[in-house]
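Values below: every heavy atom of this structure, side chains too, minus hydrogens, waters and symmetry copies. So you know, we letter chains A, B, ... as the sequences are listed, proteins then strands, and number each from 1.
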Amino acid sequence: MTEYQLPKAYDFKSTEPRVYEMWEKGGYFQPSNDPRKPDFDPAKKPFVISIPPPNVTGELHLGHPLFVSMEDLMIRYHRMKGIPTLWVPGTDHAGIATQLQVEKALAKEGLSREQIGRDEFLRRIWDWKEKYGGIITTQIRRLGASCDWKRERFTLDEGLSRAVREAFVRLYEKGLIYRGPRLINWSPGLKTAVSDLEVEYSEEPGKLYYFKYMLAGMKGEYIPVATTRPETILGDTAVAVHPEDERYKKFIGKKVIVPILGREVPVIADEYVDREFGTGALKITPGHDPNDYEIGQRHGLPVLSMLDREAKVTEVGGPYAGLDRFACREKLWEDMRAAGLVIKEEPYTLNVPRSQRGGEIVEPMISEQWFVKIEPLAKAALEAVRDGRIKIVPERFEKVYFNWLENIRDWCISRQLWWGHRIPVWYCADCGGQTCARTDPLLCAHCGGKNIQQDPDVLDTWFSSGLWPFSTLGWPDKTPDLEYFYPTTVMETGYDILFFWVARMIMMGLEFTGEAPFHTVYLHGLVRDEHGRKMSKSYGNVIDPLLVMDEYGTDALRFTLLVGSTPGQDMNISEKKVEANRNFANKIWNAGRFVISAIASLDDRGLQTADHRPSSTLHGQSDWTLADSWIWARLQQLVRAVERLFQSYQFGEAGRQIYEFFWSDFADWYVEVAKLQMQKEETRQQTVVTLARVLDISLRLLHPFTPFVTEELWGHLRRAVGQNAILSYLAKDWPQALIIAPWPEPRPEEGWEAGKTADFALVQEIVRAIRNLRAEKKVSPAKRLPAILVGGAKTNLLAEQSPVIAALAGLAPAQFTIHRLLAAKPENAITLVVGPVEVHVPLAGMVNLDEERSRLEKELSSLQVQIERLEKLLASDFADKAPPAVVQRERERLDSFRETAEKLKAQLG
RNA sequence: GGGCGCAUAGCUCAGUUGGUUAGAGCGUCUCUCUUACACAGAGAAGGUCAGGGGUUCGAGUCCCUUUGCGCCCA
């Protein structure tokens with residue numbers, strides 16, 4: 001017999017790395033049914049998740065532990081169910097973010113990327129990736145992620161680059177990719193175009209500038225115009241008014257003079273103009289405003305670009321050429337004031353477009369870029385969700401998804417960056433033709449000339465991310481992985497990237513594979529600080545998950561994130577919560593320690609092992625005590641609830657219920673009763689069996705939530721049970737590790753549960769009532785109290801449970817009697833009424849008759865209220881219309897209240 | 001402007017087919033180092049479930065509406 005000397009507190013620091021290594025070395029992260037292996041069975045349906053790839057050189061923030069915990073939970077659950085599972089890990093090259101990091105490092109050496117050139121810059125960025133690229137995946141391992149690292153991918157690796165190239169060429173050949181000058185969002189600091197999604201609008205205080213648009217050839221007549229961006233006057237090509245606006249109708253078709261520049265532009269009529277806003281007349285700058293651009297298109301207006309790629313005024317701006325956009329605004333306005341064209345300025349709240357990255361003000365401008373013609377893709381993507389091929393959880397996000405796709409605009413996919421997938425198009429200097437090819441061409445496809453040059457731009461990072469679920473499995477090749485694991489099962493990610501990523505994956509998946517890339521989209525909320533504020537460095541409320549794990553352990557962090565969240569809802573996190581769950585991990589550990597020591601203490605002295613196995617599979621019978629039956633019934637109830645909750649993605653609620661069961665039912669009650677049962681020879685073995693079985697199943701249920709502590713403890717349990725001559729039969733089917741132990745399958749009730757549960761609940765109530773009395777009367781916990789119980793119909797139950805009641809309530813066994821009926825009320829005793837049971841506690845010298853009387857009266861009166869309420873309820877329509885079971889339950893409650901009230905009345909005499 | 005979410009104990013939150021007198025963690029108060037755990041145990045206090053209206057035998061839960069906060073889209 002081996003003695004188990006487990007540390008008094010769970011030591012996550014030494015456990016976590018060791019356990020993770022054991023899993024990884026044991027090959028448990030690989031699918032149990034693998035198309036790359038000979039015994040592969042294509043008929044088994046796998047469960048597959050592709051990881052939302054984190055930025056390869058990024059830092060771990062709380063968003064990562066959240067998605068890792070969620071996905072790992074789903075993966076572990078399915079793995080334990082025996083389903084072949086694959087979780088594909090990987091990282092994203094994160095074009096802008098990574099390039100900026102390296103540029104920043106370069107700047108410290110006083111260099112710019114232009115100075116060192118494209119090739120050298122790319123070499124450095126790859127060095128950077130090699131140096132820092134492993135950090136994030138190491139951190140994800142630390143979170144316990146059970147993904148198949150053998151299948152790890154990177155968006156810029158060879159295979160994925162080929163996928164990107166294939167995707168681009170196919171869209172190009174289909175005419176769904178085009179290049180052209182369009183109004184795009186330009187980021188002057190980064191000097192690249194960005195997509196509509198990468199622009200965020202923020203409300204900021206600004207001004208509305210009113211000025212005069214003088215009419216050409218009509219002395220002194222003018223149209224008053226208001227604008228938030230006076231500098232764009234330099235690019236105006238019209239003034240628009242509403243066709244029915246009485247004020248300005250007469251000017252339609254006339255010309256007005258652009259201030260300072262003196263150009264003449266037409267006055268046009270367009271229904272877009274809002275007569276209520278500003279002066280009701282709108283200056284039109286098609287080159288620098290999306291709405292104006294559309295109006296310009298409608299009216300065939302010329303488009304002027306008055307800002308260059310650095311947001312400085314171009315020659316279009318005449319005297320202002322070379323000025324920065326903001327300096328120009330001031331100078332022009334002052335000049336206009338001097339020219340008598342200014343009317344007034346008003347404070348006004350602007351909606352300023354800012355770059356999602358860096359926050360600089362984005363400039364709408366005309367630029368030659370590549371676009372994806374999105375409408376046909378969007379249509380298919382809408383259909384896939386509408387007809388249920390893809391389900392979004394929570395459902396309300398389907399509406400958001402529809403709304404976005406229904407109003408989607410073409411996607412600008414070219415970026416003026418160097419880090420990314422280069423656009424596979426070559427321009428011919430001889431014939432001007434474009435050559436788009438899967439492999440780098442040497443000759444122009446049109447004229448055969450050698451004078452071709454590749455487009456310098458790269459693709460939006462999300463273009464490659466959109467291919468992720470299938471590119472990671474080998475697409476465009478028909479690899480065995482792709483055949484078997486695609487489409488994937490669940491896409492789990494934050495709702496903040498529903499458009500950026502999820503919608504695009506759906507569009508691309510349908511386009512290139514003909515299938516929805518996943519069946520279910522599960523969207524989680526965002527993690528905020530304990531008061532619901534967004535975490536930000538400037539605010540100083542950022543919680544670093546690494547520090548949290550250092551202090552409280554990974555399981556505590558995971559459990560906090562999993563249990564603290566509801567689908568699609570933001571969650572607030574605080575260290576306090578993590579600490580509470582660290583305590584839970586410790587609770588698991590210690591309850592386990594107790595069970596293991598109980599097993600170790602059970603030897604085979606005088607016991608014939610074979611004969612002492614439970615003969616019946618029907619539980620709650622024969623050699624089972626009430627507590628054994630109760631905890632088993634509760635556990636089975638829990639297994640059923642957890643199964644139901646998992647099916648509906650309510651992982652948080654499932655975790656809470658397991659927590660409740662483990663701490664309140666198992667540790668607080670059953671373990672305490674078990675201590676007693678183990679002292680008796682006849683119940684000892686059955687108790688240890690129950691302890692072992694309940695712990696085993698509990699650990700299995702908890703494993704997806706808190707994998708480390710459960711794996712470690714289960715290992716000890718397995719060894720202890722396996723080495724025990726009497727109990728080893730219990731573990732005969734247990735595998736090497738908990739990670740692959742079978743998930744507890746829900747089984748139907750057997751019929752005995754309700755009765756046993758009610759009986760145990762009565763015992764609990766009696767114990768609580770006595771404990772309460774002790775606390776109220778300030779009786780020392782060490783003092784054993786005498787007691788007289790009057791049980792009526794429950795006398796047999798009380799007699800059988802008397803040792804339990806005595807032990808848990810601190811009664812003195814020698815002075816503790818049970819009666820069916822009692823002729824006279826004991827003297828000098830305090831009486832507690834618990835349902836059908838009376839508990840008389842003689843407390844010499846502590847009984848104040850008046851106090852007792854008023855206590856009983858108070859109890860009686862609150863009972864009367866309940867009785868009246870129920871009598872009224874049962875006399876109403878309720879009795880006819882409510883389901884019989886509900887009515888029956890209320891009737892029983894009323895009976896029990898009446899019984900208690902009668903007893904109280906008798907006491908009061 | 002359109003859409004969505006939230007409002008439940010001092011704080012942070014659960015509460016998904018509507019069904020006991022609404023739960024948890026933290027915090028507060030009282031007691032206890034009882035041989036798994038003081039990262040603990042026992043007990044207690046604390047809520048007109050934002051306001052109003054409706055449906056129903058029955059509403060924290062469903063419908064309408066008002067107010068406040070937050071988010072997304074334009």
Anything under 30° is parallel, anything over 60° is perpendicular, the rest tilted; go ahead and classify A/Tyr522 against A/Phe651. tilted
Considering residues, nucleotides and ligands other than A/Gln647, do more than 12 of their heavy atoms fall under 6.0 Å from its CD? yes
Can you tell me how far [atom2] of [N] sits from [atom1] of [X], to the nearest Å?
X        : N     : atom1 : atom2 : value
A/Trp663 : B/A42 : CH2   : C1'   : 14 Å
A/Leu562 : B/A14 : CG    : P     : 14 Å
A/Phe662 : B/C37 : CZ    : P     : 14 Å

Is the shortest distance from a Lys or Arg side-chain nitrogen in A/Glu551 or A/Arg582 to a carboxylate oxygen in the other one below 4.0 Å?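 Salt bridge flag = no for A/Arg582 with A/Glu551.
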Determine the Euclidean distance between corresponding [atom1] atoms of [M] and [N]; express it in Å to zero decimal places.
N     : M     : atom1 : result
B/A14 : B/A7  : C1'   : 15 Å
B/C69 : B/C63 : P     : 24 Å
B/A50 : B/A9  : P     : 9 Å
B/G15 : B/A59 : C1'   : 14 Å
B/U48 : B/G60 : P     : 13 Å
B/A42 : B/C37 : C1'   : 15 Å
B/U12 : B/G46 : C1'   : 16 Å
B/G25 : B/G68 : P     : 36 Å

Comparing A/Arg644 and A/Lys675 on RNA chain B - which has the more 5′ nearest nucleotide: A/Arg644
Would you mind telling me which residue lines up with the more 5' stretch of RNA chain B, A/Val886 or A/Gly652, judged by nearest nucleotide?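 Nearest-nucleotide comparison on RNA chain B picks A/Gly652.
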For the residue pair [X] and [Y], confirm or rule out a side-chain donor-acceptor distance under 3.5 Å.
X        : Y        : answer
A/Tyr670 : A/Asp628 : yes
A/Ser861 : A/Gln864 : no
A/Tyr495 : A/Asp570 : yes

With sugar-phosphate meaning primed atoms plus P, OP1 and OP2, does [X] contact a base, only sugar-phosphate, or nothing at under 4.0 Å between heavy atoms?
X        : result
A/Arg582 : base
A/Arg768 : sugar-phosphate
A/Ala885 : nothing
A/Glu776 : nothing
A/Val671 : base

Any residue meeting side chain to side chain contact (heavy atoms under 4.5 Å, CB included) with A/Tyr201, in chain and number order, not counting sequence neighbours: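 Only A/Val199, A/Asn351, A/Pro353 meet the side chain to side chain contact (heavy atoms under 4.5 Å, CB included) criterion with A/Tyr201.
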It should be established whether A/Ser574 places a side-chain nitrogen or oxygen under 4.0 Å from OP1 or OP2 of nucleotide B/C11.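 Answer no for this pair, as no side-chain N or O of A/Ser574 is under 4.0 Å from OP1 or OP2.
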Is A/Lys8 close enough to B/C39 that one of its side-chain N or O atoms is under 4.0 Å from OP1 or OP2 there?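 For A/Lys8, the contact criterion (side-chain N or O under 4.0 Å from OP1 or OP2 of B/C39) is not met.
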Is there a donor and acceptor pair, one atom on the side chain of A/Lys587 and one on the base of B/C37, closer than 3.5 Å? yes
Do the numbers put [X] on top of the ring of [Y], so that NZ or CZ is under 6.0 Å from the six-membered ring centre and no more than 45° off the axis?
X        : Y        : answer
A/Arg504 : A/Trp411 : yes
A/Lys675 : A/Phe594 : yes
A/Arg386 : A/Phe402 : yes

Main chain of A/Thr831, side chain of A/Arg855: is a donor-acceptor contact present, judged purely on distance under 3.5 Å? yes
Provide a list of protein-nucleic acid N or O atom pairs under 3.5 angstrom, restricted to nucleotides 70-74 of chain B.
none

Can you build the contact string for nucleotides 21-33 of chain B? Use B for base contact, S for sugar-phosphate-only contact, and - for no protein heavy atom under 4.0 Å. B--SSS---S-S-
Ignoring the backbone of A/Arg396, work out which of B/G41, B/G19, B/C4 is nearest its side chain. B/C4
